[in-house]
Chemist: 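Starting off with a structure, shown below.
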Amino acid sequence: MGKRKSGKKSKGVVKNLTKKQKKHLREFGEEHPFHDKVSDEIEPTRIVELSDISEQSDSGSDTESVLEQVTAYQHLCSTLKHVGADESESESESELEGKAEDEDGERKEEGEEVPDVDCEVDDENGQGEGDSFSAAKNSNAEKTLENDVVIHDNEATNDLEDDFTDVKNEAKFCLESNYNVDENEVSCTHSSEDPFKQHVDTELNSNDLKTITQPKKTMQSKWISLGQLVWTSPLLKETSIKELSCENLENLHLQKPLEATWPKLNSQTHAKAKLNEQKFFTPLQQGLFSIMNAYKDLYYPERTAVQNGEEVRHTYCLHIINHVLKANSHVLNNNAKKHNRKADDDEGLSDQGLTRPKVLIVVPFRDSVLRVIQTLIGLLDVKDKLEISNKKRFKDEYGSNPDDKPPNLKRPEDYEAIFAGNIDDHFRIGVAILRKSIRLYAPFYSSDIIIASPLGLRTIIKTEDDKTRDFDFLSSIEILIIDQADVYLMQNWEHVMHLLKHLNQQPHEPHGVDFSRVRMWSLNSWSKYYRQTLIFSALQNPQINSIYSKHCFNYKGQVAVRNMPQTGSICHVVVQLPHVFQRVDVSSFTGLPDARFEFFTKKILPQYREAVMSHTLIYIPIYFDYVRLRNYFNREELNYSNVCEYSKKSTINRARYHFLKGEKSFLLFTERFHFYKRYTIKGIRHLIFYELPTYPHFYSDICNMLKAENRGDEASWTCTVLYSKYDVQKLTPVVGAERAAQMIQSSKPVHLFVTGDDL
């Protein structure tokens with residue numbers, strides 16, 4: 001159903017209503033009779049006949065908004081035959097539609113204005129997780145929903161329970177009611193050497209749990225495909241593994257039809273690498289899948305959107321679809337045994353968790369969802385016989401229009417790769433897989449895979465004092481994938497931490513589960529010790545490392561790729577520029593922000609107050625430091641401009657112009673602004689990195705913005721960088737591992753590097 005149209009007149013009427021009038025409008029669908037305008041003209045009496053059978057309103061809407069509830073007033077209206085609408089009724093409907101459109105418009109404007117949402121937003125988007133197009137085709141239902149619009153109160157319904165009424169597809173994809181499994185399609189037994197069976201059938205005891213929570217032992221090894229690996233094994237029986245060999249596909253333990261579909265899909269995507277169908281994996285994929293298939297946690301900090309992003313995505317899609325197919329086949333086979341009375345009791349039929357969702361994939365943008373779904377479809381589709389529900393709706397909501405991109409927009413290659421396609425960051429979608437069918441927009445409690453952004457999940461989980469919050473669907477997640485984790489640092493990292501706190505918690509309601517089929521370790525609230533966590537990032541960062549070290553409890557152990565860069569991004573600076581690195585000495589990490597601020601204001605900034613040191617750009621990675629410096633500059637009445645990710649376009653243009661002309665001596669410049677915009681700032685003569693950049697290549701990008709307007713201007717350029725001993729992970733990719741070690745351990749607090757074409 002498309003956007004509702006309303007006139008300017010109706011919008012103005014809704015805005016003029018009082019709160020009491022709006023409340024009455026929501027509850028009864030019309031204004032209170034007290035506020036009706038009485039006309040002196042006598043209108044003719046209109047007789048309306050009632051129909052014998054009431055038409056049932058269908059809630060099969062395919063919009064992104066929350067499902068509208070049918071009130072008693074609407075039900076009464078639906079029993080009437082179609083007659084000419086009164087002016088008062090049409091005004092009420094247009095007023096409601098106008099208000100809904102205004103709210104949608106404001107939401108879109110806010111999304112375009114601010115790339116990152118730092119506050120919690122009431123969601124009206126992702127609750128179409130189960131609406132089927134077949135239900136939406138009912139013309140009577142569409143007329144009812146279009147004509148009877150209600151401003152929905154969020155407290156009146158649960159976001160996840162009331163969003164789906166497609167009974168046909170619900171029964172078709174229900175695991176509990178399906179048991180007639182073709183033995184040729186799904187194997188009835190799993191090999192005892194199957195990593196999936198070994199992982200889920202392992203029973204831990206209380207002593208094992210004590211061992212897992214204690215400090216873990218680590219060991220190092222080196223693989224040709226991945227490089228330096230650090231293995232962490234909480235249990236002595238779980239040690240390092242060897243790379244899988246692709247010569248014998250039986251060693252991979254792939255479920256049908258993956259052995260046939262994977263080579264074709266992978267060879268088409270990596271045609272540039274000359275990967276033929278006889279070669280099952282690329283070297284990187286072989287190393288990653290070896291660890292994934294062993295159900296160990298993995299932290300891979302070298303996933304880049306330009307080079308190997310598709311390789312990584314295909315590999316974890318193969319792993320999760322293999323896991324889901326095996327888990328579902330196990331349930332269906334046990335259903336068949338139970339139905340055929342091969343098992344007199346339910347003993348030995350424990351095959352599921354407390355809720356159905358098994359896999360959670362966290363991605364930053366809708367375009368990432370589109371690529372994941374396309375990969376899953378390619379892995380399941382055999383001779384174009386795969387049945388896909390809601391495919392058209394999915395393409396409309398997660399696809400992009402090439403005409404939306406400005407034709408003359410030139411940005412770096414990494415920017416084009418990250419922000420390709422639909423970059424909306426508020427979404428969530430459930431996917432159910434059964435036999436030769438895949439169901440998009442499945443309700444979460446009927447889904448096998450949930451793909452969402454941190455913001456999309458935050459608007460469901462909400463806060464503790466919200467009665468409509470729901471996170472039971474996260475109780476039995478067996479595989480967690482956090483892809484492009486570095487992008488979340490540029491969005492809102494708090495949403496990621498909020499999500500991790502609510503993973504694998506005991507559900508508040510049963511949600512129709514058969515407790516006789518639930519695995520014992522799931523009933524014991526031990527699901528987090530069986531959850532596999534896969535983290536893919538473009539860089540190593542302390543905040544991302546905290547997920548790996550504090551939120552990964554897999555009894556199988558953890559593996560982290562730790563390759564140290566030998567050369568830094570400073571080698572990519574092409575301009576002749578002296579780089580002065582000044583160390584900020586601090587005793588504790590908590591005191592670092594205050595120590596850096598004091599060091600900057602007392603030792604660095606006084607050197608740049610003179611007129612000769614104008615045209616100074618101050619690069620600030622953290623927004624809170626930006627606010628602190630901005631307030632300080634205001635108090636000191638310094639001549640400066642500032643741009644951040646929240647600045648309007650007019651403010652940005654004005655700040656860039658004043659800085660270029662020298663009317664403003666300083667320009668405060670945030671890292672997230674550079675991440676989302678990548679504007680070239682002209683007129684820079686002096687650089688100050690208040691802190692090292694999160695992305696190492698941002699250092700060379702900013703330095704290369706310096707361009708000489710006159711001959712000999714290069715001699716006056718300067719670059720000052722502040723760092724501390726706690727910035728090792730940021731310093732290493734900028735200057736290299738060897739230089740970083742010397743700078744941290746040296747007794748000298750100042751280090752100088754000079755770059756240039758002739759050096």
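It should be emphasised that the depicted structure is a prediction, and the values quoted were computed from it without experimental measurement. Values below: all heavy atoms of this structure, side chains included; hydrogens, waters and symmetry mates excluded.
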Chemist: Might you point out which heavy atoms bring Gly430 and Ser447 nearest each other, and give the distance in Å?
Modeler: CA-OG, 3.4 Å
Chemist: His319: which residues meet the side chain to side chain donor-acceptor pair (under 3.5 Å) condition with it, sequence neighbours left out?
Modeler: Gln532
Chemist: Can you tell me if Asp351 and His330 form a side-chain donor-acceptor pair at under 3.5 Å?
Modeler: no
Chemist: Is there a donor-acceptor pair under 3.5 Å between the side chain of Asp297 and the backbone N or O of Tyr299?
Modeler: no
Chemist: For salt bridge (charged side-chain N to carboxylate O under 4.0 Å, His left out), just list the numbers for Lys462 and Asp470, CA-CA rounded to whole Å, side-chain angles, deciding distance to a tenth of an Å, and then say yes or no.
Modeler: CA-CA 8 Å; Lys462 300 181 180 178; Asp470 191 359; over 6 Å; no
Chemist: Asp367 side chain to Ile423 main-chain N or O, any donor-acceptor pair under 3.5 Å?
Modeler: no
Chemist: Using 4.0 Å as the upper bound for N to carboxylate O, is an ion pair formed by Glu311 and Arg303?
Modeler: no
Chemist: Check whether Ser368 reaches the backbone of Pro364 with its side chain - one donor and one acceptor, N or O, closer than 3.5 Å.
Modeler: no
Chemist: For the pair Thr261 (side chain) and Pro257 (backbone), establish whether a donor and an acceptor sit closer than 3.5 Å, ignoring hydrogens and angles.
Modeler: yes
Chemist: With a 4.5 Å limit on heavy-atom distance, are the side chains of Ile291 and Tyr300 in contact?
Modeler: no
Chemist: If you take all heavy atoms of Ala452 and Arg428, which pair is closest and at what distance?
Modeler: CB-CB, 3.6 Å
Chemist: Distance-only, no hydrogens or angles: does the Trp521 side chain make a donor-acceptor pair with backbone N or O of Val200 under 3.5 Å?
Modeler: yes
Chemist: Give a yes or no on whether the backbone of Phe365 and the side-chain of Asp424 come within a donor-acceptor separation of less than 3.5 Å.
Modeler: no
Chemist: Can you name the closest pair of heavy atoms from Gly353 and Arg519 and give their distance?
Modeler: N-NH1, 4.3 Å
Chemist: Do Val496 and Ile547 touch side chain to side chain, with heavy atoms closer than 4.5 Å?
Modeler: yes
Chemist: Identify the heavy atoms of Tyr295 and Asn554 that sit nearest to each other, and give their distance.
Modeler: O-ND2, 2.6 Å
Chemist: Measuring centre to centre across the rings, with the benzene-like ring taken for any Trp, is Phe473 within less than 6.0 Å of His511?
Modeler: no
Chemist: Please answer whether the main-chain N or O of Leu440 pairs with a side-chain N or O of Asn390 as donor and acceptor at a distance below 3.5 Å.
Modeler: yes
Chemist: Within the structure provided, determine whether Thr282 and Thr315 are in side-chain contact (heavy-atom separation under 4.5 Å).
Modeler: no
Chemist: Give me the atom names and distance for the closest heavy-atom approach of His502 to Leu474.
Modeler: O-CB, 3.8 Å
Chemist: Any sub-3.5 Å donor-acceptor pair from Trp262's side-chain atoms to Leu318's backbone N or O?
Modeler: no
Chemist: Quick one: are Asp381 and Ile438 in side-chain contact, heavy atoms under 4.5 Å?
Modeler: no
Chemist: In terms of side-chain heavy atoms, does Asp472 have a donor or acceptor partner in Gln505 at a distance below 3.5 Å?
Modeler: no
Chemist: Under the 6.0 Å and 45° cation-pi test, does Arg366 pair with Tyr398?
Modeler: yes
Chemist: Test side chain to side chain donor-acceptor pair (under 3.5 Å) on Arg531 and Asn504 and set out the steps.
Modeler: CA-CA 9 Å; Arg531 186 190 76 228; Asn504 299 118; 2.7 Å; yes
Chemist: For this output row, return yes or no: ring centroids of Phe196 and His323 closer than 6.0 angstrom.
Modeler: yes
Chemist: Does some side-chain heavy atom of Ile449 sit less than 4.5 Å from a side-chain heavy atom of Ile451?
Modeler: yes
Chemist: Whether the side chain of Lys296 engages the backbone of Lys556 through a donor-acceptor N/O pair (distance < 3.5 Å, no angle test) should be reported.
Modeler: yes
Chemist: Looking at Leu332, is its backbone amide N or carbonyl O close enough to the side chain of Asn328 to form a donor-acceptor pair, meaning the two atoms are under 3.5 Å apart?
Modeler: no
Chemist: Evaluate the side chain to side chain donor-acceptor pair (under 3.5 Å) criterion for residues Asn308 and Arg313: first the C-alpha distance (whole Å), next the side-chain angles of each, then the deciding distance (0.1 Å), finally the verdict.
Modeler: CA-CA 9 Å; Asn308 55 16; Arg313 182 181 291 112; over 6 Å; no
Chemist: For residues Val513 and Thr355, determine if any side-chain heavy atom of one lies less than 4.5 Å from a side-chain heavy atom of the other.
Modeler: no
Chemist: Distance only, no hydrogens: is a donor on one side chain within 3.5 Å (strictly under) of an acceptor on the other, for Gln484 and Ser537?
Modeler: no
Chemist: Less than 4.5 Å apart, side chain to side chain, heavy atoms only: is that true for Ser350 and Arg517?
Modeler: no
Chemist: Could you check Ser475 against Gln506 for side chain to side chain donor-acceptor pair (under 3.5 Å), going step by step and ending with a plain yes or no?
Modeler: CA-CA 6 Å; Ser475 61; Gln506 288 295 87; over 6 Å; no
Chemist: I need the minimum non-hydrogen distance between Leu354 and Val518, along with the two atoms involved.
Modeler: CD2-CG1, 3.8 Å
